[in-house]
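Here's the structure we're looking at; comments come further down.
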Number of protein chains: 2
Amino acid sequence: MASIEADLEDLTARARIREAALRQFGELGFERATIRGIAEAARVSSGLVRHHFGSKEALREACDEFLVKLLRRVSDATFDDPMLTRSNPVAMSQAVFGPYQPYLVRALVEGRAEPLFDEMVRAGEQWLAEIDAERADPPFADRKARATVSTAMALAVTVLHRHVSRSLGVDVASPEGAHLLATVILDLHSHPALSPERAASMREALERIRPS
Amino acid sequence: MASIEADLEDLTARARIREAALRQFGELGFERATIRGIAEAARVSSGLVRHHFGSKEALREACDEFLVKLLRRVSDATFDDPMLTRSNPVAMSQAVFGPYQPYLVRALVEGRAEPLFDEMVRAGEQWLAEIDAERADPPFADRKARATVSTAMALAVTVLHRHVSRSLGVDVASPEGAHLLATVILDLHSHPALSPERAASMREALERIRPS
DNA sequence: ACGCTGACTACACAAGCGTGTAGCTTGCTT
DNA sequence: AAGCAAGCTACACGCTTGTGTAGTCAGCGT
């Protein structure tokens, strides 16, 4: 996977602006980032930003679109290569998100980047299909609903990385943090928090107060 | 639990400003919200906002502080009353967050509201302690680390509520959505995604590439 | 050689922002 | 009765912002 951040120098001005915007939007947020600041980071005039992208909002849309395309390509590539996903999924997802992680986190929290989330749900459905095959009792909710919640949970650590890193005492972006995180997730995913009996009784209580 | 949003009318001006700020910061975000807008919503002059809170940033800090105190009180109250937590934890957490949910989500994502997150971790540790008692094999990560990640995952649906609601096809804030969500979470928490053998082999692979 | 198109810059503008200041009212203290 | 602190308002300042306009320059097809 070629480092995309490497030498911004030989990119076209348009690409440099987009990269700068991705970084500034990610670090500062959309409102605190300024066109002048982005232009400066890309070493162009502020007018050129407008010339290429029209407006600040359109620039963000171009960033979204670029990332969705990029991530679709990356996910297609990694889907064929199961070796990668085996080793350390946590570290891998960080590698995939790459330098755009702050931007993506903001986009996701604001409800944007729908294709990214939806694609993760789809991948989750396939993952669940395998598990369901060896499952005795029938699930109580359809597969897509379970994949949706699983996806949100999978993104939780990335979205709340500041709190998680602070509480863990180690940056989850560091190798040590990624390792610890993977260990924890492995443990959580292999040990149900609820026994079948407990779950049954709670489900019963839940049905008793069912709305609809 | 008395509805706090009910009649803003008879609150002091200072409290009205704080409530308005909480809502505007939550709906629009800190930067897009304006002192003038908050003042208008609180039906006071913009100068009074400054008079009471000093600056926009100080106003936010006052909001944070207020919420942390409020939630500590609420959590203490619900801790004694196990009946509530039994019924529908999802609906309950929404009730606890109350009208401040958008504000809290933003605060959490930005890494603020540390006391709130930390308290949830502590509650998670107690929860895990009970589970660990009836657990055969020893956990591979300490309890706090597992509680931290669990907390993040528990917050995931709230933080990413837009995507979750969209993907689920029903608003998670609605009674139907909360019911569906509770069902899904119950299912996920009572059915491990990884078999013990699978987990063991993955842990082995993980140790083989251990950093440090 | 001409001209045109697109990359690119410099500069100006209007609006909205947070903040500062001066002053008015109200109610309690002495 | 006087005074004074506190709640509250009106208004203006200066800055930054996104955007608009005019113009320069290089490359290229004809």
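To find a chain, count down the sequence lines: A is the first, B the second, and so on, and within it residues start at 1. In this text the structure is predicted, and so the values were computed from the model without any measurement.
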Does His52(A) make a side-chain N or O approach to OP1 or OP2 of dC8(C) shorter than 4.0 Å?
yes
How about Glu19(A) and Tyr100(A): does a side-chain donor come under 3.5 Å of a side-chain acceptor?
yes
Under 4.0 angstrom between His51(B) side-chain N/O and dG7(D) OP1 or OP2:
yes
Where the side chain of Lys56(A) is concerned, which of dG18(D), dC11(D), dC8(C) is the nearest nucleotide?
dG18(D)
Heavy atoms from C-beta onward define the side chain here; which of dG18(C), dT9(C), dC8(D) lies closest to that of Ser45(A)?
dT9(C)
I need the CZ-C1' distance between Phe53(A) and dG6(C), as an integer number of Å.
15 Å
Could I get the full list of ring pair (Phe, Tyr, Trp, His ring centres under 6.0 Å) partners for Phe117(A), not counting sequence neighbours?
His163(B)
Output the single nucleotide from dC8(C), dT17(D), dC11(D) whose closest atom is nearest the side chain of Leu48(A).
dC8(C)
Nearest-nucleotide check on DNA chain C, Val49(A) vs Phe30(B); residue mapping nearer the 5' end is Val49(A)
Just how far, in rounded Å, is P of dC17(C) from CD of Gln24(B)?
11 Å
Name the closest nucleotide to the Ile35(B) side chain, picking from dG18(D), dT19(D), dG18(C).
dG18(C)
Rounded off to whole Å, could you give me the CZ-to-C1' distance for the Arg60(B) and dG18(C) pair?
14 Å
Nucleotide dG7(D), atom C1' - distance to CZ of Arg43(B) in whole Å:
16 Å
Check whether Phe140(A) forms a cation-pi arrangement with Arg146(A) (NZ or CZ under 6.0 Å from the six-membered ring centre, at most 45° off the ring normal).
no
Report the distance from atom CD1 of Ile38(B) to atom P of dG16(C), rounded to the nearest whole Å.
17 Å
Sequence neighbours excluded, which residues qualify as side chain to side chain donor-acceptor pair (under 3.5 Å) partners of Arg32(A)?
none
In plain terms, say whether Lys144(B) and Glu125(B) are close enough for a salt bridge, that is, a side-chain N and a carboxylate O under 4.0 Å apart.
no
Check the distance between dT16(D)'s P and Glu40(A)'s CD and give it to me in whole angstrom.
13 Å
Length of the CD-P vector between Glu31(B) and dG18(D), whole Å
12 Å
Where the side chain of Arg36(B) is concerned, which of dT19(C), dT9(D), dT9(C) is the nearest nucleotide?
dT19(C)
Need one value for Ala58(B): base, sugar-phosphate or nothing, where a base atom within 4.0 Å counts as base even if backbone is also close, heavy atoms only.
nothing
Leu59(A) atom CG is separated from dT19(D) atom P, nearest whole Å, by 10 Å
